[in-house]
Q: 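Got a structure for you, questions after.
In what follows, residues are counted from 1 in the order of the sequence shown. Note that the structure is predicted; figures quoted are calculated from it, not measured.
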Amino acid sequence: MGQDVDPREFSREDRTRYRRKVRRCLDAFASMLSDHDFSVAAPQIGIEVEFNLVDALGMPALRNAEALEQIADDDFQTELGLFNLEVNVPPVPIAGRGLATIADTLRDDLTHAERKASEVDAHLMMIGILPTLTADHFSADVISANPRYHLLSEQILAARGEDIEIEIDGVDRLATTTDTIIPEAACTSTQLHLQVEPDEFGAAWNAAQAVAGVQLAVGANSPFLLGRQLWHETRIALFEQATDTRSEELKTQGVRPRVWFGERWITSVFDLFEENSKYFPALLPVVEDEDPVEELAAGRVPALGELKLHNGTVYRWNRPIYDVAEGRPHLRIENRLLPAGPTVVDTLANAAFFYGLVKALVVADRPVWSQLSFQAAEENFHAAARTGIETDLYWPGVGTVPARELVVRHLLPLAWAGLESSDVESPVAEELLGIIEQRCLRGRNGATWMIEAFERHPDRHTDRLTAMRDLTVEYQQNMLGGQPVHLWS
């Protein structure tokens, strides 16, 4: 959703031209994968973090434009809801102190933005779903002013042909409807970027899919929505439903959802872009002037604008990214499944665990995806979203075991080896992976802390909104304190 588009209406001819242009981009992309240099001397990593804005009482602050004006930093930008912001941390090589550098940058960004945004009574929250959201925040007038958000909402509702239904069963049950995609704004995430060469992309994407359930189990941070206690990572169910373009009839026919785990292991990055063009109609059929085949013939690197825009409206939890920087094409995986927060150091611990595991699994003698069915990987993913750090997960050679045991006994040593082979400095790896270990030993991540804090509140049965406000304020104070969540009282 990051690419700007002008407000407009789309005709049938627009969609026909766009489909042809996407196919032409695919032809150019296939040629580039064979002939162009995508090599990476020093693989880079990057992080995007989405924030909620709250007032002094912990309620959503619909002031992202005013907050951005005060922050005055190009690394910050709007997101879908008026209570959202996003920061993009510049990429760095993972080797050496790369992860620590990102942590320092993100910490400085948060400190600066919190200080400046507070001048307009807006405070930043790194959290998966804001507990104090109410039904009033799910209306069209809460969508940010940028035309792309309104246009995307209109196109998704038009493709669906009816209002969006949100139904989630957890400890409580939520059933509501909406005539916009604004519930998606409740889903604030951390997006981890990993630069990958074409010949390793298939293995790296498969590895990222294989560990998705483990990531969610240890990183869950979204147990509440609209006053209900639902899944430990409610974002997964909410995001899957809030952008679903399918009517009930299309679901019954087996039409694929736009928020998609996928359905098979891949051999090439081309598989993913080709699936996107085959399975998903255009939402924003904006055709650009560039002819990618002519650009290639002229010795230039094409932007592949239509392919990138279409890819940006298919919400894979591990999304393939094609981009051009300083005239050179590159590929990366955008890992989109983790919630924001709870703190900067927790965020980087999640990142270190992901990057280390993926690296170790890519170079393993026997690929884990040759021993794990794709269906089992998806079942791990949704089970972990429901029950978080106490989930039982299946892993090849181990069987079905508690996530905490799987991580401590089997996966942390792999992540350590992966970071070591990536030349990450030992003190950096030790600090960050130590946080993951302590979460598992203590059984505490963001979701369990919030559930415990809510259960302690004396008004939880009589005045849920007050309990949610107090929980949110306490969480925000802990977040700004910077201690990892397993140390929160």
Side-chain angles (χ1 to χ4, degrees), residues 1-33 38 48 80 146-160 181 184 191 193 196 198 201 205 239-240 242-246 250 255-264 266 268-296 301-325 329-336:
M1 285 174 35
Q3 186 170 332
D4 284 333
V5 293
D6 295 324
R8 56 177 295 182
E9 293 184 2
F10 297 111
S11 65
R12 294 189 301 274
E13 290 78 10
D14 288 331
R15 297 182 183 280
T16 300
R17 285 201 312 273
Y18 185 80
R19 181 180 291 109
R20 291 172 180 163
K21 192 67 177 294
V22 168
R23 289 172 179 167
R24 194 159 176 83
C25 287
L26 268 178
D27 291 340
F29 185 50
S31 177
M32 292 178 69
L33 290 174
F38 285 80
E48 301 172 59
L80 175 59
N146 192 310
R148 72 173 180 261
Y149 301 129
H150 292 269
L151 186 57
L152 190 63
S153 182
E154 292 166 5
Q155 294 300 307
I156 286 177
L157 268 294
R160 184 180 174 89
I181 63 167
E184 183 188 336
Q191 295 151 34
H193 290 255
V196 183
F201 195 98
W205 188 84
F239 194 71
E240 286 176 341
T243 52
D244 198 343
T245 57
R246 303 170 302 162
L250 292 178
V255 173
R256 294 160 177 86
R258 293 194 90 97
V259 178
W260 199 29
F261 189 82
E263 61 191 16
R264 65 186 177 99
I266 67 168
S268 166
V269 63
F270 188 81
D271 296 347
L272 301 177
F273 284 101
E274 185 178 41
E275 283 181 349
N276 288 354
S277 67
K278 286 170 55 178
Y279 297 151
F280 302 103
L283 286 180
L284 302 174
V286 179
V287 178
E288 299 183 5
D289 293 334
E290 176 193 85
D291 185 313
V293 175
E294 291 181 1
E295 288 293 293
L296 277 180
V301 177
L304 306 184
E306 293 81 7
L307 189 69
K308 289 169 59 179
L309 180 58
H310 187 56
N311 185 56
T313 62
V314 179
Y315 305 104
R316 294 179 183 270
W317 294 111
N318 284 295
R319 176 188 279 168
I321 302 290
Y322 165 88
D323 212 344
V324 181
H330 70 266
L331 301 171
R332 61 184 190 268
I333 293 171
E334 182 185 48
N335 179 255
R336 302 167 45 81

Q: For the residue pair Val301 and Met32, what are the closest heavy atoms and their distance?
A: CG1-CE, 4.0 Å
Q: Testing the 3.5 Å rule here: is there a donor-acceptor pair between the side chains of Asp271 and Ser268?
A: no
Q: Given side-chain hydrogen bond (donor to acceptor under 3.5 Å, both in side chains), test Arg258 with Thr313 step by step and report yes or no.
A: CA-CA 8 Å; Arg258 293 194 90 97; Thr313 62; 3.3 Å; yes
Q: Taking all heavy atoms of Pro302 and all of Glu295, pick out the closest pair and write down the distance.
A: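 Scanning both residues completely, I find the closest heavy atoms to be CB-CB, 4.0 Å.
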Q: Can you sort out the partners of Asn276 under side chain to side chain contact (heavy atoms under 4.5 Å, CB included), two or more places apart, ordered by chain and number?
A: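 Checked Asn276 against side chain to side chain contact (heavy atoms under 4.5 Å, CB included); matches are Phe280, His310, Asn311, Val314, Arg316.
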Q: Is it the case that the side chain of Thr243 and the backbone of Phe239 share a donor-acceptor pair, with hydrogens and angles ignored and the cut-off at 3.5 Å?
A: yes
Q: Examine distances only and state if a side-chain atom of Arg319 and a backbone atom of Gly312 form a donor-acceptor pair shorter than 3.5 Å.
A: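 Yes, the answer is positive, given that a donor and an acceptor are paired below the 3.5 Å cut-off.
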Q: Where is the tightest heavy-atom contact between Val259 and Trp317, given as atom of each residue plus distance?
A: CG1-CZ2, 3.5 Å
Q: Which class fits the ring pair Phe273 and Phe29: parallel under 30°, tilted 30 to 60°, perpendicular over 60°?
A: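 Aromatic pair Phe273/Phe29 classed perpendicular.
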Q: Does Arg246 reach the main-chain N or O of Val255 with its side chain, forming a donor-acceptor pair under 3.5 Å?
A: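 Yes, because the side chain of Arg246 sits within donor-acceptor range (under 3.5 Å) of the backbone of Val255.
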Q: Is any side-chain N of the basic residue among Lys308 and Glu288 closer than 4.0 Å to the acidic one's carboxylate O?
A: no
Q: Step by step, would you call Leu296 with Asp27 a side chain to side chain contact (heavy atoms under 4.5 Å, CB included)?
A: CA-CA 11 Å; Leu296 277 180; Asp27 291 340; over 6 Å; no
Q: Please report the interatomic distance CD(Glu290) to SG(Cys25), rounded to the nearest 0.5 Å.
A: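 Taking CD in Glu290 and SG in Cys25, the distance rounds to 7.0 Å.
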Q: More than 12 foreign heavy atoms under 6.0 Å from CZ of Arg20: is that the case here?
A: no
Q: Quick one, Ile156 with Leu283, criterion side chain to side chain contact (heavy atoms under 4.5 Å, CB included). Give me CA distance, side-chain angles, the key distance, then yes/no.
A: CA-CA 7 Å; Ile156 286 177; Leu283 286 180; 3.8 Å; yes
Q: Is it true that Glu263 and Arg256 make a salt bridge, defined as a side-chain N closer than 4.0 Å to a carboxylate O?
A: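 Yes, charged N to carboxylate O under 4.0 Å.
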Q: Between Lys21 and Val286 (side chain of the first, backbone of the second, donor and acceptor by atom type, cut-off under 3.5 Å), is there such a pair?
A: no
